[in-house]
Number of protein chains: 2
Amino acid sequence: MKKYLEILRRSPLFRGIAPEELEQLIPCLGGGARRYGAGAAILLAGTPVGQMGLVLSGRVQVVREEFSGHRALLAELEPGELFAETFACAPALPGGLPVTVLATQDCEVLLLDLQRVVRSCPNGCPFHSRLVSNLLGVLAGKNLALNRRMVHLSRRSTREKLLSYLSEQAAMAGGMEFTIPFGRQELADYLCVERSAMSAVLSRLRAEGVLETHRNHFKLLRLPEEAL
Amino acid sequence: MKKYLEILRRSPLFRGIAPEELEQLIPCLGGGARRYGAGAAILLAGTPVGQMGLVLSGRVQVVREEFSGHRALLAELEPGELFAETFACAPALPGGLPVTVLATQDCEVLLLDLQRVVRSCPNGCPFHSRLVSNLLGVLAGKNLALNRRMVHLSRRSTREKLLSYLSEQAAMAGGMEFTIPFGRQELADYLCVERSAMSAVLSRLRAEGVLETHRNHFKLLRLPEEAL
DNA sequence: CAAAGTCAGTTGGAATTCCAACAAGTAGGA
DNA sequence: TCCTACTTGTTGGAATTCCAACTGACTTTG
């Protein structure tokens, strides 16, 4: 476990807890590192929910088994990232875990029991409250990200979705010129629109003198009313 | 405060905590009820975030002040409901609270400091862990609801959005026949599509023998492939 | 440098959605 | 019952999106 202290210290769950405190905290959470071979199921859909996981090494996929038998990839996680925390925290999921977590390579994960995280431990160790605070922060952060995306998705047209996203980015950057973290296909996926249609809309916006683009770098010249 | 014990007991935050324990817990959270007149601002956008609120009486609106000065109504809350909990739990929101919370009638609100909720109190009162658990549950539940909706919204066409929603409802009801909690306009709003276009799509699905409808009652006869 | 790959933009016809207006059905109150 | 209000379904033309295929610019790699 020692060799993973650095990863833990930077993980969203253990952030802000000093290494020496971590060594004290981990056993107190009953968390042992487990090793999984490539292709193994770490958590299986339909099984009771109670623990969440943290990737220590290797790579992990979260997938949803569709009606049709088709597998939808929901997330691909790197060391330090959390999984299943939402399900572990949700009150009573009927039908058990709605996703499967797979090891795509040989990997090690730390499985944590929610109850142990929430209850302040008998030793009264003071880092629990930081832990809880971090966990709340993770859930709230996801919530905000989902909400932000929802605001864009709820716009009806590609044009409105784009303008909504771009004006948000401008606001976050604090200016009319900014670089976005997506390529065109990724942006189209994020906004749930057709890439080619989006490209056409971007061209139109350029022609209208609304913006200029260079790859991922955007400059908004003026905001049309649709941006709200 | 006594007269609100029943509301507290049923609120998502204090659920599962007995009344006598509540009386012990509330002061320990430093939560005093505050009274606001109709139209007063309970929490103001841009101010630092640190507390969340619980409606005790009256009615409260959460609104977002848009760029344009336009006000978007995000939620309308009744006694027992929580507000601003996501913002209070999110780590460091630059720019302060992104929404304003208004009293639309005379009302009473319990404002709670997140730090007090998270830190197990000096008296070591054991209900904190239940409280934390509840709060995690609230955030996780919102997360799941947002995710569910996102799955539908991310479908490209009205038809796909509808089928996605209806097959989810069927799955939740455990059968091909179920009643949805929305009227047509509300459903269209939830799925972010045009009501009339949606009506047309429903007609087409009926004509294709995919489903039957009677007001809010639906019967799925067979699932086309687009439903995934 | 050439070949292959990737990314953004363009195009055109089919399909869908948007929008406004209207029609038909239902519920509640006078 | 009549009136009114509300909900749902329908329609038609304009606008937009979808989809597949292609072009051209730039990158990577052998």
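Both backbone and side-chain heavy atoms feed into the values below; hydrogens, waters and symmetry mates do not. Each chain gets a letter, A, B and so on, in the order the sequences are listed, and its residues count up from 1. Computed from a predicted model, the values in this text were never measured in an experiment.
Note that CD1 of A/Ile42 and CD of A/Gln61 are 10.5 Å apart. Values are rounded to the nearest 0.5 Å. Note that OH of A/Tyr4 and CD1 of A/Ile26 are 13.0 Å apart. Values are rounded to the nearest 0.5 Å. Note that CG of B/Asn143 is 9.5 Å distant from CG of A/Asn147, once rounded to the nearest 0.5 Å.
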Point to revise | Derivation of the side chain to side chain donor-acceptor pair (under 3.5 Å) call for B/Thr213 and B/Arg206 | key: CA-CA 8 Å; B/Thr213 70; B/Arg206 269 193 300 268; 2.8 Å; yes
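Looking at the side chain of A/Arg204, the nearest of the listed nucleotides D/dT16, C/dA20, D/dG9 is D/dT16. Side chain of B/Arg215, nearest nucleotide from D/dT8, C/dG9, C/dT17: D/dT8. When distances run from any side-chain atom of A/Arg156 to the nucleotides C/dT17, D/dC18, C/dC19, the shortest one goes to C/dC19. Comparing C/dT17, D/dT17, C/dG9 by their closest approach to the side chain of B/Val201 singles out C/dT17.
Taking atom CE of residue A/Met198 and atom C1' of nucleotide C/dA8, one finds them 9 Å apart after rounding to whole Å. Nucleotide D/dG12 holds its P atom 18 Å from the CD atom of B/Glu194, rounded to whole Å. The interatomic distance linking A/Phe218 (CZ) with C/dA8 (P) rounds to 9 Å, in whole Å. In this entry the distance linking CG of B/Leu162 with P of C/dT16 reads 14 Å, nearest Å. Distance, A/His217 NE2 to C/dA8 C1': 17 Å, rounded to whole Å. Between the P atom of C/dA27 and the CG atom of B/Asn216 lies a distance of 12 Å, rounded to the nearest Å. Per the geometry, CD belonging to A/Glu186 stands 12 Å off C1' belonging to C/dT6, to the nearest Å.
A/Ser199 comes within 4.0 angstrom of a nucleotide base, judged by non-hydrogen atoms across all strands.
Phosphate contact (OP1/OP2 of D/dC18, side-chain N/O of A/Arg195, threshold under 4.0 Å): absent. Side-chain nitrogen and oxygen atoms of B/Arg184 include at least one within less than 4.0 Å of the OP1 or OP2 phosphate oxygen of D/dG9. Dashed line: the shortest gap from a side-chain N or O of B/Thr158 to OP1 or OP2 of C/dT17 is under 4.0 Å. Look at A/Thr213 and you'll find a side-chain N or O under 4.0 angstrom from OP1 or OP2 of C/dG9.
With respect to the salt-bridge test (charged N to carboxylate O, under 4.0 angstrom), the residues B/Glu108 and B/Arg34 do not qualify.
Annotation: of the two residues near DNA chain C, A/Ala200 and A/Ser157, the 5′-most nearest-nucleotide partner is A/Ala200.
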